[in-house]
Amino acid sequence: MIRLHEVTRVYATGETAVHALAGVSLEIGRGEFVAIMGQSGSGKSTLMNIIGLLDRPSSGEYGFGGRDVAQLSEDARARLRGSAFGFVFQSYNLLARMTALEQVELPLIYQGAPDRKRRAAEALVRVGLQDRITHLPTELSGGEQQRVAIARSLVVNPLVLLADEPTGALDTATGHELMTLFSELVEQQGLTVVLVTHEAEVAAYAKRTVRMRDGRIIEDSGSPVTAAAAGGPAP
Amino acid sequence: MSPLDAFRIALRAIFANRLRSALTSLGLVIGVSSVIVLIAVGQGTQRGVTDQIRGLGTDLIFIESSAAATTSQTGGLGGLAQSTLVQGDAIAIADDAIPGVVSVAAQIAVDAQAVAGSNNVGAEIVGTSSTYAEVRDLGIGSGTFITPLHDEDGSLVAALGARVADTLYPGLDPVGQEVRLSFAGGRITFPFIVVGVLDEQGGASEANDQVFVPLSGVAGRLRFLYTPTGDLRVTQIDIQTASGADEQRVKDEVSELLLFLHETPEPDFVIQSQDDLISAATEVSNTLSILLGSIAGISLLVGGIGVMNIMLVSVTERTREIGIRRAVGATAGDIVKQFVTEALTLSLFGGVVGIAIGIGASLAVDGRELGGQEMTTLIQPWSIAMAFLVAAGVGFASGSYPAYRATTVDPIAALRNE
């Protein structure tokens, strides 16, 4: 479903160019639970941004669902991003002064979807927050806030959930609960999850681990970089 | 995103910062309300002046001496002594049978003190003839106006304007009473017998503060008003024309006649119809309206800059919010819509409140004395529409640039911005 070929991302910072990604080829199939691991600066977040259409590759190919999406217009990318991807960040990125239900409704507003309240409430039930629907972020614990963020990314029924250090701000027990939730979403609901982390304990929940260093993939437990085409289920 | 959703988001953002939003709108409230009030004052003044001119009568043409026109403001006898117009001119115009001329009245207007018993009042003494009441459409409350008999025998009688009568004879019927008129700072005083009192004239009419006496009566006692050739100098000649008459033709023919009588190639007099006076006054007050409107327009502009300023601050402050919205599927267009709607809502709120205050203030000021002058305001629907449209335009313009800036926010940087 996700197919990256020789993707690079170069940032020009003053005189020198920084190669955040120095040629990454990766395939991820539907229903996979992939952890991308690496030190900070290894390019794992850049990779996630490119997969999630938040960023564009400097060169290389990106196919999503059999479609070349590297050259899509900004608006087309925004629409695809809104409908096919869900994002979860370390800082929950909830909007202040909005109830859990309103936070989860937000993507549906931009999709112009009908029946928003009911669908948002259902998404909150999916992450176990049926008792927190009218709470504001300040009235929720860190784990609960992160669940609201997950519900917000699930409400559009995305194909892929992208999680960037989702447990980074949580204590260990809450972190484990959250990872259990991700596993359930993958196993019971067929969601594809790409998880960026530097904690091996968190990565252990994933079925496949991709290690990165200096903008390159140095190890892939699921499908070797050199034989990318052979690994993973076809999209 | 539907417009309703955009409006909801805008309201939320506006109410999240109530004080700031209120202060931002205040600039537009002041701008819009001052546009409405100042234009209402300008137009009200115009209406007042044109009413005053119309109140002089209907279908009138006024002739004044060019020399007196510059000096008659003093109201003294000196100005009158320089007048080039004489009573003979009025008689000649009446005798010349110019088509369209209905009646002619010459007049002398002098400021004087009117005294009765222990009461006295400053009044303009108008020396004229019995035709004047007809020319100026003056109604008589009690007694009579100057009669043709008075014109002939030059008797010392007076018809009082309504306010003069009230001041000199409070609660009394002045007819038959004596009133003393004192000219030139009291050096010349004559007793007159009151023969009538005029009806109270419409608000702007000057007739309420005037005293009417027969020209012949005054002239016989003020010898210096005569020219060396024995003609009586007058301040002004009024001509009433037939309704629908060609005023321009009447003016031309009267002008030709006067040039001949005065034996001069260049006019030493000024002929103006009521319409001329009204259009001159309208021109002046339109200039005033434009001036006042421009000043108010500047405050509207400043208000708009305030809105833009706050919107720019708001975009900067809400970088993270913009990033989150982009990440959950908002297009650049959605972001633009959100910020433009917000600026538009702020501006239109300011506009609506400003219109309400503008109308309220205009109504409150109407008819009040301000600096000894009665204020008249005339609320113009077009000024309300204009102020509203300008407010909307300001909102749109001042929202657009910040909204564009919002779309340049990099969602990645915004989302990692903790």
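Numbers restart at 1 for each chain; the letters A, B, ... are given by sequence-line order, proteins then strands.
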> Which residues, numbered in order, of residues 9-41 of chain B come under 4.5 angstrom of chain A by heavy-atom distance?
Replying inline: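 Residues in range: I9(B), R12(B), A16(B).
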
>> At under 4.5 Å between heavy atoms, what parts of residues 335-353 of chain B are in contact with chain A? List them by residue number.
In response: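 Q338(B) fall under the 4.5 Å cut-off.
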
> Where does L94(A) contact chain B at under 4.5 Å (heavy atoms): side chain, backbone, both or neither?
Replying inline: backbone

> Tell me, side chain or backbone of E102(A) under 4.5 Å from chain B's heavy atoms, or both, or neither?
Replying inline: side chain

What side-chain donor-acceptor pairs closer than 3.5 Å can you find for residues 382-392 of chain B, not counting sequence neighbours?
| residue | atom | partner | partner atom | Å |
| --- | --- | --- | --- | --- |
| W382(B) | NE1 | Q380(B) | OE1 | 2.8 |
| S383(B) | OG | Q380(B) | O | 2.8 |

Taking the side chain as every heavy atom from C-beta outward, state whether [X] and [Y] have any pair of such atoms under 4.5 Å apart.
X: T331(B); Y: Y110(A); answer: no
X: E74(A); Y: R326(B); answer: yes
X: D5(B); Y: R116(A); answer: yes
X: R325(B); Y: L95(A); answer: yes

>> Counting neighbours of CD on Q189(A) that are heavy atoms of other residues, nucleotides or ligands and sit closer than 6.0 Å, is the number greater than 12?
In response: yes

> Is the CZ atom of R56(A) crowded by more than 12 outside heavy atoms at less than 6.0 Å?
Replying inline: yes

> What's the shortest heavy-atom distance between A78(A) and A330(B), and which atoms?
Replying inline: CB-O, 3.9 Å

> Can you tell me how far the CD atom of E321(B) sits from the CG atom of N93(A), to the nearest 0.5 Å?
Replying inline: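 One gets 11.5 Å once the value is rounded to the nearest 0.5 Å.
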
> Going by residue number, which parts of residues 137-153 of chain A are within reach of chain B, meaning a heavy-atom gap below 4.5 Å?
Replying inline: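 Interface residues of residues 137-153 of chain A: R152(A).
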
